[in-house]
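Read through the structure below, which is laid out as structure tokens, and then see the notes.
Along the sequence shown, residues are numbered consecutively beginning with 1. Given the structure is predicted, the values throughout are model-derived calculations rather than measurements.
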Amino acid sequence: MQLRTKAVLYRGGTSKALIVHDRDLPTRDPALLDEWLLAAFGTPDRRQIDGIGGADMLTSKFAFVGPPSVPGADVDYTFAQVGVDVPFVDWTILCGNISSAIGPFAIEEGLVAATGELTEVRVHNTNTGKIFAAKVQTERGLPKTDGHAVVDGVPNPGAPIVLDFRNAAGAITGSLLPTGNRRDSRRVDGVGLVDYTLVDMTGLFVFVRADQFGLLASDDRESFARQAERLMVVDAFRGAVGQELGIDSPITPAVVLVGPARPSDVQFDLHARCTGMGRVHSSFPITGSLATGAAASLAGSVVSDVAGGPLEHCRIAHPSGVLSVEVLASGDDPEPTVHRAQVERTARRIFDGAISVDPARLSRPGAYRSSDSLL
């Protein structure tokens, strides 16, 4: 008999995640939970054919939600990024796209009561210790899904959800500018001296001009796939920056390759491609967009120079379209103040029920709790 766990599949922005109530977790042992997640998602396998994963980092995501553990929050939200063909589970980061699903989930599941036509859910992300606000349109006590908000990378419009991350600076390192500088440089073997800007805004991101690595930020994923060797050099650069900060993670910090828009590109301010593990994301992470916006608002950063900034409203061209963010950071280094940081997404509940895991994939199946009597 299979181990079954009550769960909901939710699309948030351009990502999908399996979401579980804190009370329904099959185990609280960190190592056993990682093992369960790898089995549930069908990892490691590039197709994730024996699990719920969608063969893409954007659809291999997990979250659990429960009562708040800190003052000022309505719920706790814990996120995990699950590998696809590599067996890893990363609990160190926040997913901004999935963050847009947490407010609707909390309202639908009775964790937060709807308040009229607009309900604000204050979410404590336990990965970073930061609180953000999700402003959700509600009707008859439930989140609205129909609307005219368009998210590039999602085929259908929906009701807008505004995410306010103004308090999320320093999520990983405690500082918006972890090095204290708007621009640093590092020598890279075979490349030369590379200028970069390191920003910690909802997550840790390294911004560098794509052309410094012989790449074009405007290229599509197929073009990048044909330049795998250069992307591995980018990943080695990423790892070196992380090690200098004492971070040993395959995905943190993430590198964002940026490039200027042409004069005729009036719909956006710059090209950007988020990379990780030798690949280019199929869209663009919300955490990355907010960090991009923060960097764009700071004169002298790599992003600001590429975008012709500083900018308060930054429009980012990525593989799936254009993403707009409003971020305003100002003040003297080493710690500028973030005054505003918000972005609009849509989200939708796709299905709910139970996720089934084969006990044969688990080292200690008897140590897990099932949501029903099937095990």
Cut-off 3.5 Å, side chains only: do S304 and R182 have a donor facing an acceptor? no

Just checking, is any N or O donor in the side chain of N125 or S99 under 3.5 Å from an acceptor N or O on the other one? no

Test: salt bridge (charged side-chain N to carboxylate O under 4.0 Å, His left out). Region: residues 295-306. Which pairs qualify, not counting sequence neighbours? R183-D305

Can you list every salt bridge (charged side-chain N to carboxylate O under 4.0 Å, His left out) pair that touches residues 154-165, not counting sequence neighbours? D164-R166

Do other residues, nucleotides or ligands put more than 12 heavy atoms under 6.0 Å from Q267 CD? no

Taking salt bridge (charged side-chain N to carboxylate O under 4.0 Å, His left out) as the cut-off, I'd like each qualifying pair that reaches into residues 259-284, sequence neighbours left out, listed once. D85-R279, R262-D265, D269-R315

Do NZ/NE/NH1/NH2 and the carboxylate oxygens of R4 and D24 come within less than 4.0 Å? no

NZ (K130) with more than 12 external heavy atoms under 6.0 Å: yes

If hydrophobic residues (ILVMFWY) are linked whenever their side-chain heavy atoms come closer than 4.5 Å, directly or via other members, who joins V151 in its cluster? V154

Is the number of heavy atoms from other residues, nucleotides or ligands within 6.0 Å of CG (D50) greater than 12? no

Please name all residues satisfying ring pair (Phe, Tyr, Trp, His ring centres under 6.0 Å) with H271, sequence neighbours left out, ordered by chain then number. F268

With a 4.0 Å cut-off, would you call D45 and R47 a salt bridge? no

If you look only at pairs with a residue in residues 68-118, which of them pass as a ring-ring contact (aromatic ring centres under 6.0 Å, His included), with sequence neighbours excluded? H21-F105

Would you say the side-chain atoms of D220 pair up with the backbone N or O of S223, donor to acceptor, closer than 3.5 Å? yes

According to the side-chain hydrogen bond (donor to acceptor under 3.5 Å, both in side chains) rule, which pairs have a member within residues 133-152, sequence neighbours left out? T119-T138

Is it the case that one hydrophobic cluster holds both I102 and V121, taking links as side-chain heavy atoms less than 4.5 Å apart, direct or via other members? yes

Can you name the residues that form a ring pair (Phe, Tyr, Trp, His ring centres under 6.0 Å) with F237, not counting sequence neighbours? Y196, F213

Does this structure show an ion pair linking E35 with R364, if we count only N-O contacts that are shorter than 4.0 Å? no

Solution key, residues 281-293 side-chain donor-acceptor pairs under 3.5 Å, sequence neighbours excluded:
unit_1 : atom_1 : unit_2 : atom_2 : d
S283   : OG     : T14    : OG1    : 3.1
S289   : OG     : I286   : O      : 2.7
T292   : OG1    : G288   : O      : 2.6

Side chains of residues 61-71: which donor-acceptor partners sit under 3.5 Å, not counting sequence neighbours?
unit_1 : atom_1 : unit_2 : atom_2 : d
K61    : NZ     : Q81    : OE1    : 2.8
S69    : OG     : D76    : OD1    : 3.4
S69    : OG     : D76    : OD2    : 2.6

Using the salt bridge (charged side-chain N to carboxylate O under 4.0 Å, His left out) rule, collect all pairs that involve residues 341-361, keeping only residues at least two apart or in two chains. E108-R349, E109-R349, R349-D352

Is a side-chain donor-acceptor pair under 3.5 Å present for D29 with T27? no

Only counting residues at least two apart or in another chain, list the ones meeting ring pair (Phe, Tyr, Trp, His ring centres under 6.0 Å) with H124. none

